[in-house]
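These notes concern the structure reproduced below.
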Amino acid sequence: FDKLLKTRSLSKNEFEFLILNRDFVLDDVYRSAKAITKKFFNKEIYVRGLIEISNCCKNDCYYCGIRASNKNVNRYRLSKEEILDSVRLGTELGFKTFVLQGGEDGGFKDEDLIDIIKNIKTINPQTAITLSVGEKEFDVLKMYREAGADRFLLRHETKNREHYYKLHPKSMSQEHRLKVLRDLKTLGFQTGSGIMVGSPGQTIENIAEDLVFLLELQPEMVGIGPFIPAQGTPFENEASGSVEMTVFLLCILRIMFPKANIPATTSLATLSKEWRDKAIEYAANVYMPNMTPTYRRMDYSLYKDKACFKIEAAENLEELKKLFGSLGYRVVMSRGDFKDV
Ligand code: SAM
């Protein structure tokens, strides 16, 4: 652990050793991550408005509630006006950054998304736009970037090839996903990647490989959250990932990437409010309240019992401010760009 603190990096074997022996260093890890987060973010939490633009998806990831072959999903695709209305509402609330997330929906044409990106920038030219719409070709990403998209989230899910194909059908290509991540960096997107903690078949060795991969990628954002089983998927009876392990890894990531934007994710909040608060206290500096039209929110059901009302909802921002305020943190409404200074 001392070596990690000094060098901000470890080898795969060292990460594995650290994770296996985490109980012996837990307090130090929490304390160090907390000090680093305070130093770089000064107890400020950036909020992003999350708009779930479509739950249609051509992929069939075994873990995901909106996978193509889940017949129990009430499919929707927000119209351009629904998305822009959500952005307008969010802008009135003070949000300066929005995450447009969705399945890999062929019905959403590239030109539609480009038009939406340009329109968001006319609502407020200062608004930062993050896309999370799955794998796209270089030329398409370039068009998104030129239209004004600033950031892109694409979790690598797992670096280990064998594990990747325990989570995804053979028709999906891990090589392609990793290529897209490199393309995003090349195109100057603030790039986010990450994993689910406790996804079926995941070993501690796999997590160590993921951490080494993230060191190579040097993402500006890292999103990790516990796996939660989803009804109607091959993994519906699997156990959820550990919230303790999630927060431990968030702390390790904070030490590795002091300036990165790291959210306390919805899946963590879904499993435990207590551990979501610990994530905020020790390592996370981002929160993403849900801004999807309320009548669609429950249809974007990646997993069971998704938290998306109460303080997880953008319309309840004041309550979120109060809650985080009571923990000693201030919700700030700036763009919250990655700053490498
Ligand atoms: N389709 C895009 C993609 O693949 O990047 C974005 C949407 S995808 C649903 C967003 C993220 O949700 C995935 O990267 C995955 O890690 C997470 N996710 C999906 N199913 C989950 C589950 N059952 N538990 C926790 N997280 C899940």
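Both counts, for ligands and for their atoms, begin at 1 and track the order of listing.
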Verify whether one side chain among Arg296 and Asn55 offers a donor that lies under 3.5 Å from an acceptor in the other.
-> no

Output all residues satisfying side-chain hydrogen bond (donor to acceptor under 3.5 Å, both in side chains) with Asn316, sequence neighbours left out; order by chain, then residue number.
-> none

Under the ring-ring contact (aromatic ring centres under 6.0 Å, His included) test, residues paired with Phe108 that sit two or more places apart = none

Salt bridge (Lys or Arg N to Asp or Glu O under 4.0 Å) contacts touching residues 115-127 (sequence neighbours left out) | Lys80-Asp115, Lys121-Asp150

Distance-only side-chain donor-acceptor flag, Ser11 / Asn13, under 3.5 Å | no

Which N/O atoms of ligand 1 sit under 3.5 Å from a protein N/O, and at what distances?
residue  : atom   : partner : partner atom : Å
ligand 1 : 1 (N)  : Gly102  : O            : 3.1
ligand 1 : 4 (O)  : Arg177  : NH2          : 3.3
ligand 1 : 5 (O)  : Arg177  : NH2          : 3.1
ligand 1 : 14 (O) : Glu157  : OE2          : 2.5
ligand 1 : 16 (O) : Arg155  : NH1          : 2.9
ligand 1 : 16 (O) : Glu157  : OE1          : 2.9
ligand 1 : 16 (O) : Glu157  : OE2          : 3.3
ligand 1 : 23 (N) : Tyr63   : O            : 3.0
ligand 1 : 23 (N) : Ile228  : O            : 2.7
ligand 1 : 23 (N) : Leu302  : O            : 3.4
ligand 1 : 24 (N) : Ile228  : N            : 3.1
ligand 1 : 24 (N) : Ile228  : O            : 3.4

Does Glu318 pair with Lys322 as a salt bridge, N-O distance under 4.0 Å?
-> no

